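Working notes for the structure below.
Just so you know, these numbers use all the heavy atoms, side chains as well, and skip hydrogens, waters and symmetry mates. Please read all numbers here as calculations on a predicted model, not as lab measurements. Counting begins at 1 with the first residue of the sequence.
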Amino acid sequence: MRVLYITDALAVWGGIERVLRDKMNYLARNYAYNVHVVTTDQGPHPIPYPLDAKVMTHDLDIRFHHQYRYRGIKRLIAYQRLQKLFKQRLKALIDELKPDVMVCIRVEFVSMVVAVKGDIPLICESHSLCNAYRYENTTFWNRFRLRNEMKCLSKANCMVALTEGDANDWRQSCPRVTVIPNVVHLNDTGRYSDLKSKQVIFVGRMSAQKDFASMIEIWQQVNQRHPDWVLHAYGEGELKDGYEKMLSEKNINMVLHAPTPDIFEKYMESSVFVLSSRFEPFGLVLPEAMSCGLPVVAFNCPYGPADIITHGVNGFLIENRDIRSFADKICLLIENESLRQEMGANASKSVAKFRAEEIMPQWDRLFKTLK
């Protein structure tokens, strides 16, 4: 079977990029699929996560980001020109490759893909929340474009959501929605944290979505009760400078780090994982940390954490934005080593369902039903 994935780029060390790489490599290696991925804005950027030699890459050289050189009506005209170029070049590639099925990773591309795909089955794969705009400070123009794209979802053969909660929201726009969780790169070393270090770990982009400002407030309360414990946070993002300034004005035991390729080693040096997101399409870092034997604490935000954490069994789900309860549960885990050990053991077992061997047969079945 020949599958064509469509996305903007594979140019950053991000969760979407890693998940897409893992799925494409698995299809090529384990199912002998003929896998192609087409990008619009890759350019000279290297692909950070290595692709199998059997996965073929194609860049259409559209450069959608060039529209932001302009304002107002000029930006609209530039965007329309880039849309036209995208459709022309994608149609030529489709005619050349003749894929059996296409998977669009970017919702904002759906209307353009629908316009040129012909009779080829199309799957739209969501890596954001259907209603993410409710939690983000997006412009009117971006919201307008998103609503237009969502109208086109009814012309896709299937929408794949990561959680059941998000799937229910997508069903308002697309009648054919199924849930397939992300493939997660889990700890396969056979080693686990001994949960004895006085370290808590946060991993995530320093953005409004992850709400690290709330984590700073939470850790202030924890540190008052347990000043010998330290929170290590790994991530980059547009708000990191502001967070560093906040920390410089506070006397709390917290250290900010750049992202590291050795994140599993950092998980295993820690005793608790925490996540303060306002919303999560899935939350890859949660099962990653849990696979290293860490109990986790996260806000019960829409929608990912509740699909991963069983409250009181492998971690704690906190009522959304309840800072005091979040701090109390961290302190409970700090003060009760036997509870940490029990929850950590449960955590490492519970995430096996996210391994590629469990997730990829679901994709194989979906592809075959559409062929």
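Within the 4.5 Å cutoff, side-chain heavy atoms of Ile263 are placed close to those of Lys266.
If you check the side chains of Asp59 and Thr39, you find a donor sitting under 3.5 Å from an acceptor. When only modelled atom types and interatomic distance are considered, His66 and Arg63 share no side-chain donor-acceptor pair under 3.5 Å. Side-chain contact of Ser277 with Glu280: a donor-acceptor pair under 3.5 Å is present, judged by distance alone. Side-chain N/O atoms of Tyr303 and Asp169 include a donor and acceptor closer than 3.5 Å.
Leu4 contributes atom CG, which lies 13.0 Å from atom CE of Met56 (distance to the nearest 0.5 angstrom). Going from atom CD1 of Ile16 over to atom CG of Asp8 covers 8.0 Å, rounded to the nearest 0.5 Å. Put simply, OG on Ser291 and CZ on Arg355 are 7.0 Å apart, with the number rounded to the nearest 0.5 Å. To the nearest 0.5 angstrom, Ser270 atom OG is 10.5 Å from Met268 atom CE. Rounded to the nearest 0.5 Å, atoms CZ (Phe273) and CD (Glu288) are 8.0 Å apart. Atom OH in Tyr192 sits 6.0 Å away from atom CG in Asn187 (nearest 0.5 Å).
Salt bridge status for Asp328 with Arg324: absent, with no side-chain N to carboxylate O gap under 4.0 Å. Of the charged side-chain nitrogens involved, at least one lies within less than 4.0 Å of a carboxylate oxygen, so that Lys91 and Asp95 count as a salt-bridged pair. Comment: Asp41 does not engage Arg106 in a salt bridge, judged by the lack of any side-chain N to carboxylate O separation of less than 4.0 angstrom. Ion pairing of Glu17 with Arg21 is absent here, as no side-chain N (NZ or NE/NH1/NH2) approaches a carboxylate O to less than 4.0 Å.
Each of Leu153, Val101, Thr178 was compared with Cys158 under the side chain to side chain contact (heavy atoms under 4.5 Å, CB included) criterion, and only Thr178 meets it. The residue from Asn157, Ile123, Ile94, Leu97 that alone fulfils the side chain to side chain contact (heavy atoms under 4.5 Å, CB included) condition with Met102 is Ile94. Applying the side chain to side chain contact (heavy atoms under 4.5 Å, CB included) test between Val35 and each of Met1, Arg2, Met24, Lys23 identifies Met24 as the sole match.
With sequence neighbours left out, the ring pair (Phe, Tyr, Trp, His ring centres under 6.0 Å) criterion links Phe282 to Phe354.
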Check against salt bridge (Lys or Arg N to Asp or Glu O under 4.0 Å), Asp364 and Lys368
CA-CA 6 Å; Asp364 182 47; Lys368 287 175 178 175; 3.1 Å; yes

Residues Glu238, Ser207; criterion side chain to side chain contact (heavy atoms under 4.5 Å, CB included); working and verdict
CA-CA 6 Å; Glu238 61 274 14; Ser207 64; 3.5 Å; yes

Check step by step if side chain to side chain contact (heavy atoms under 4.5 Å, CB included) holds for Val274 and Trp219.
CA-CA 10 Å; Val274 292; Trp219 195 250; over 6 Å; no

Does Leu256 form a side chain to side chain contact (heavy atoms under 4.5 Å, CB included) with Met206? I'd like the steps, not just the answer.
CA-CA 10 Å; Leu256 300 189; Met206 299 295 169; 4.3 Å; yes

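Sequence neighbours left out, the pairs with a member in residues 323-351 that pass ring-ring contact (aromatic ring centres under 6.0 Å, His included) are Phe299-Phe326. For residues 106-131, the ring-ring contact (aromatic ring centres under 6.0 Å, His included) pairs, not counting sequence neighbours, are Phe64-Phe109, Phe86-Phe109. Applying the side chain to side chain donor-acceptor pair (under 3.5 Å) rule to pairs touching residues 226-235 yields Lys198-Asp228, His226-Glu335, His232-His257, sequence neighbours excluded. Applying the side chain to side chain donor-acceptor pair (under 3.5 Å) test to pairs two or more places apart or on separate chains, those with a residue in residues 311-321 are Asp211-Arg321, Asn314-Ser350.
With Glu217 contributing its side chain and Ala213 its backbone, the two residues share no donor-acceptor pair below 3.5 Å. Side-chain atoms of Arg75 come within 3.5 Å of backbone N or O of Tyr70 as a donor-acceptor pair. In this structure, the side chain of Gln199 engages the main chain of Glu269 through a donor-acceptor pair within 3.5 Å. Using a distance-only test at 3.5 Å, with no hydrogens or angles considered, no donor-acceptor pair links the side chain of Asp61 to the main chain of Gly43. Judged by distance alone, the side chain of Arg278 and the main-chain N or O of Gln209 form no donor-acceptor pair under 3.5 Å. Judged by distance alone, with hydrogens and angles left aside, the side-chain atoms of Thr310 form no donor-acceptor pair with the main-chain N or O of Val313 at under 3.5 Å. Without hydrogens or angle criteria, Trp170 side chain to Ala161 main chain gives no donor-acceptor distance under 3.5 Å. The main-chain N or O of Leu366 is found under 3.5 Å from a side-chain atom of Thr369 such that the two form a donor-acceptor pair. Arg340 contributes no side-chain N or O that, together with a main-chain N or O of Leu294, makes up a donor-acceptor pair within less than 3.5 Å. The closest donor-acceptor contact from the side chain of Asp262 to the backbone of Glu265 lies at 3.5 Å or more, if one exists at all.
Membership of the apolar cluster around Val255 extends to Val230, as traced through chained side-chain contacts below 4.5 Å between ILVMFWY residues.
Taking the six-membered ring where tryptophan is involved, the planes of Tyr31 and Tyr33 are tilted, since the angle between them lies from 30° to 60°.
Counted within 6.0 Å of NZ on Lys155, heavy atoms from surrounding residues, nucleotides or ligands total 12 or fewer; the atom is thus considered open.
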